[in-house]
Amino acid sequence: MSDELDPEIAALLSNAPGEVAETRYDMKAAELKLKAKEDYENRTSAGRSIHEVDLSLTCFEPIQNPYLDEPSETFNDPAYYKTALSNENQSAQRVHQILSKYLTCKDPKDRTVYRQQIVTAYWELLRGMAGKAADMNLAMPKRMMLRYAVLLPSLFRPEQKELFNKFKLKNDANEPVLYVDEWFKEISSGRMKNSMTDEQKPAHSKNMTADEAASAEQSRLTQLQSKNSGRLQNAENILNIKENERSMLETELRTRIDNIMDHQVVMGYEPHKQGYTDFQRKQFADISDYLHRLSKNDKELTKAFAEYQEAKGVFDNVQNKIEAGGPVVETADTEAVKTEFDTVRQMAKMTIGRQGNQFPVFTREFYHCTERGTGTRENVIEVLRWVESLDPGVFHRIHKNVPNRIVPYVLLVPTYGDRGFCWEPFDRYNRVTSRGRIVVPMYPRDLQIAVLTAVADLRWQVAKEKASYYWMEEGLTGQYFQHFEQNKLKGDVKEYFIEDYILWMTKESTGVQRLEKDVRGIFWRNMPFPKELKEDLRKRSLVYDELCKKDANREMSDGY
């Protein structure tokens with residue numbers, strides 16, 4: 001048996017009952033922290049759909065192994081090229097003819113002409129393939145064409161082929177980061193809606209047949225259900241927060257009451273016990289404070305529960321109407337994919353820009369990425385994890401003063417573009433908990449910059465939508481726009497913001513001052529670094545120390 005005494009027994013022998021109470025309090029706090037950690041791990045380990053927004057998650061999980069343990073042989077298949085082009089429309093033959101001329105041509109001018117012709121022919125070939133993405137038996141070469149734009153494996157260098165054979169095919173990370181073939185598959189199955197485009201006017205009800213009118217009504221109810229789903233989820237999230245807050249307050253209150261009810265026997269005067277210690281008397285004020293906070297929590301919880309009941313009632317009512325209308329026959333899947341294909345092509349063009357390389361086929365001639373610099377799902381998630389570690393609120397959307405972490409859908413397009421962008425900040429029918437959509441090129445010169453441009457664009461659009469008509473006056477966009485106007489800058493204000501955001505994340509986060517003082521202040525207030533990083537930065541420069549002091553002054557003035 002160990003000669004060391006139990007801490008509580010040691011405290012008794014030293015006649016220090018206050019220390020015993022403090023020890024018990026610390027043990028209770030440690031238990032609470034351990035339980036919270038276990039709850040978080042249980043939530044993150046549970047399987048979930050990528051379309052389900054889990055508001056309990058707080059960050060991306062680290063990617064332990066970005067590659068397959070056993071490389072595939074997909075790109076070593078000698079029949080890859082033949083399989084990729086077989087059973088397709090006439091565009092497959094056209095692609096074969098133009099690509100053959102392009103690869104064998106020696107004249108630079110003719111080669112340029114063939115290169116331009118390949119762009120149109122290849123996209124027409126993909127148009128026919130897009131609808132097949134949902135087919136589980138789709139030949140792997142066809143899927144790899146959609147995913148990586150690999151048409152001809154001989155266009156790889158040996159080390160590149162080896163690398164691509166190691167890329168994971170499945171979404172082990174279970175994050176909403178999708179390749180093009182997966183994107184079309186989700187659209188085709190109805191699990192994802194089409195990306196937002198200019199909304200077309202619905203047909204007039206007088207000109208509709210009975211079936212068309214029923215279908216239109218089902219569509220309207222589905223849109224209403226999507227909107228109510230976000231409202232219900234947010235109401236339930238607020239209710240859970242208030243219930244958890246009550247549980248924590250009650251636990252803390254119970255701990256303090258237990259502390260003041262613990263009295264030690266007075267040595268030599270048994271069975272009489274000692275009065276309250278100094279430590280126990282301090283608990284009186286804490287108990288009063290916790291009772292006050294519980295009273296406030298009870299009012300907020302009652303209101304949250306009423307809002308949850310109302311949202312649940314509306315949701316169930318709409319759901320019953322949808323079910324009463326009978327099963328909806330999915331006849332628009334093919335049309336949905338055709339529509340989405342045109343959108344995706346537009347997205348691909350936007351990642352490249354007008355002056356960029358539009359060549360749509362993977363070739364060693366244009367691929368200059370490193371292993372970590374290639375825009376695979378795992379690499380992009382790691383960059384997003386880095387972004388969120390510096391900008392913790394980047395994916396937060398505030399509703400009723402409650403921040404909801406909502407990671408957007410990320411589409412990985414196999415282009416040689418250098419800039420990502422935000423296609424839509426959120427679903428028009430569910431602004432509360434719907435995912436936005438950002439696009440990232442897979443073969444950029446710098447993957448980190450490509451992801452940052454997309455995230456910065458998302459930041460700007462969410463802030464702009466939040467401020468609505470007052471986006472030039474209020475919030476992040478308002479403050480930045482006023483800086484833009486005061487300095488008489490020319491051009492697109494959003495592009496200036498994106499470039500400054502890149503400097504904020506890559507330079508200012510390391511203590512290298514590259515932003516103007518006003519911009520640094522705007523970003524510091526609206527997109528703050530984590531507290532630990534702030535403390536580190538204030539040690540490096542008086543500039544950041546001054547910003548930290550302003551933070552402290554604002555905290556002290558809260559409530560006045």
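Nothing here was measured: the structure is a model prediction, and the numbers come from that model.
- The CD atom of E124 sits 6.5 Å away from atom CZ of R345, with the distance rounded to the nearest 0.5 Å.
- With hydrogens and angles ignored, the 3.5 Å screen pairs a side-chain donor or acceptor of T477 with a backbone N or O of W471.
- No side-chain donor-acceptor contact under 3.5 Å links Y67 and E378.
- Exactly one of Y544, F529, W504 qualifies for a ring pair (Phe, Tyr, Trp, His ring centres under 6.0 Å) with F523. That residue is W504.
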For the pair R431 and E465, evaluate salt bridge (charged side-chain N to carboxylate O under 4.0 Å, His left out) and give the outcome as yes or no after the intermediate values.
-> CA-CA 10 Å; R431 295 185 170 221; E465 290 291 338; 3.4 Å; yes
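- For the residue pair T506 / Q448, no side-chain donor-acceptor distance below 3.5 Å is found, with atom types taken as modelled.
- In summary, of the residues considered (Y102, Y122, Y81), a ring pair (Phe, Tyr, Trp, His ring centres under 6.0 Å) with H96 occurs for Y81 alone.
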Derivation of the side-chain hydrogen bond (donor to acceptor under 3.5 Å, both in side chains) call for N244 and N240 | CA-CA 6 Å; N244 290 336; N240 289 335; over 6 Å; no
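- Side-chain atoms of E175 and N171 include no donor-acceptor pair closer than 3.5 Å.
- No side-chain heavy atom of V440 sits less than 4.5 Å from a side-chain heavy atom of F421.
- Side-chain contact of N76 with E73: a donor-acceptor pair under 3.5 Å is present, judged by distance alone.
- Closest heavy-atom contact between M140 and T74: CG-CG2, 3.5 Å.
- Residues E388 and T58 come closest through the heavy atom pair OE2-O, 3.9 Å.
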Step by step, work out the salt bridge (charged side-chain N to carboxylate O under 4.0 Å, His left out) result for K185 and E182.
-> CA-CA 5 Å; K185 179 180 178 181; E182 297 172 330; over 6 Å; no
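- Side-chain N or O atoms of Q358 include one that pairs as donor or acceptor with a backbone N or O of G353 at under 3.5 Å.
- When only modelled atom types and interatomic distance are considered, D551 and W524 share a side-chain donor-acceptor pair under 3.5 Å.
- In this structure, the side chain of N379 engages the main chain of T374 through a donor-acceptor pair within 3.5 Å.
- In terms of modelled atom types and a separation under 3.5 Å, the side chain of R94 and the main chain of A121 share no donor-acceptor contact.
- Side-chain contact between E382 and R385 is present, with at least one heavy-atom pair separated by less than 4.5 Å.
- Counted by atom type alone, S195 and T343 present zero donor-acceptor pairs between their side chains at under 3.5 Å.
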Given F359 and Y416, is the ring pair (Phe, Tyr, Trp, His ring centres under 6.0 Å) satisfied, shown in steps?
-> CA-CA 8 Å; F359 196 72; Y416 301 105; 7.2 Å; no
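- Of the possible donor and acceptor atoms, none in the side chain of R437 sits under 3.5 Å from a partner among the backbone N and O of E424.
- Using a distance-only test at 3.5 Å, with no hydrogens or angles considered, a donor-acceptor pair links the side chain of S72 to the main chain of N165.
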Determine, step by step, whether E88 and K132 satisfy the salt bridge (charged side-chain N to carboxylate O under 4.0 Å, His left out) criterion, reporting the C-alpha distance in whole Å, the side-chain angles of both residues, the deciding distance to 0.1 Å, and the verdict.
-> CA-CA 11 Å; E88 297 298 335; K132 304 175 184 178; 3.0 Å; yes
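- For the residue pair N526 / R459, no side-chain donor-acceptor distance below 3.5 Å is found, with atom types taken as modelled.
- Judged purely by atom type and a 3.5 angstrom limit, E508 uses its side chain to pair as donor or acceptor with the backbone of R514.
- Side-chain contact of R525 with Q479: a donor-acceptor pair under 3.5 Å is present, judged by distance alone.
- Taking 4.5 Å as the limit, some side-chain heavy atom of M144 sits within range of a side-chain heavy atom of L169.
- There is a side-chain donor-acceptor pair under 3.5 Å between W183 and E340.
- When side chains are defined from C-beta on, L178 counts as touching I50, because their heavy atoms get closer than 4.5 Å.
- To the nearest 0.5 Å, the span separating CG on D418 from CG on N357 amounts to 10.0 Å.
- L503 contributes atom CG, which lies 12.5 Å from atom CD of Q513 (distance to the nearest 0.5 angstrom).
- Atom CD in Q117 sits 10.5 Å away from atom CD in Q97 (nearest 0.5 Å).
- Between the side chains of Y501 and D391, a donor-acceptor pair is found at a separation under 3.5 Å.
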Between D457 and Q461, is a side-chain hydrogen bond (donor to acceptor under 3.5 Å, both in side chains) present by the stated rule, with each step listed?
-> CA-CA 6 Å; D457 195 1; Q461 291 201 44; 3.2 Å; yes
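- Geometrically, R520 does not engage Y480 in a cation-pi contact, judged by NZ or CZ lying under 6.0 Å from the ring centre and within 45° of the ring axis.
- Y148 pairs with exactly one of Y179, Y443, Y367, F362 by the ring pair (Phe, Tyr, Trp, His ring centres under 6.0 Å) rule, that one being Y179.
- Interatomic distance, K168 NZ to L68 CG, rounded to the nearest 0.5 Å: 7.0 Å.
- Here the side chains of Y114 and L103 are not in contact, with every heavy-atom distance at 4.5 Å or above.
- No side-chain donor-acceptor contact under 3.5 Å links T370 and R372.
- For the pair R435 and Y409, the cation sits on the ring face: its NZ or CZ lies under 6.0 Å from the ring centre, inside 45° of the axis.
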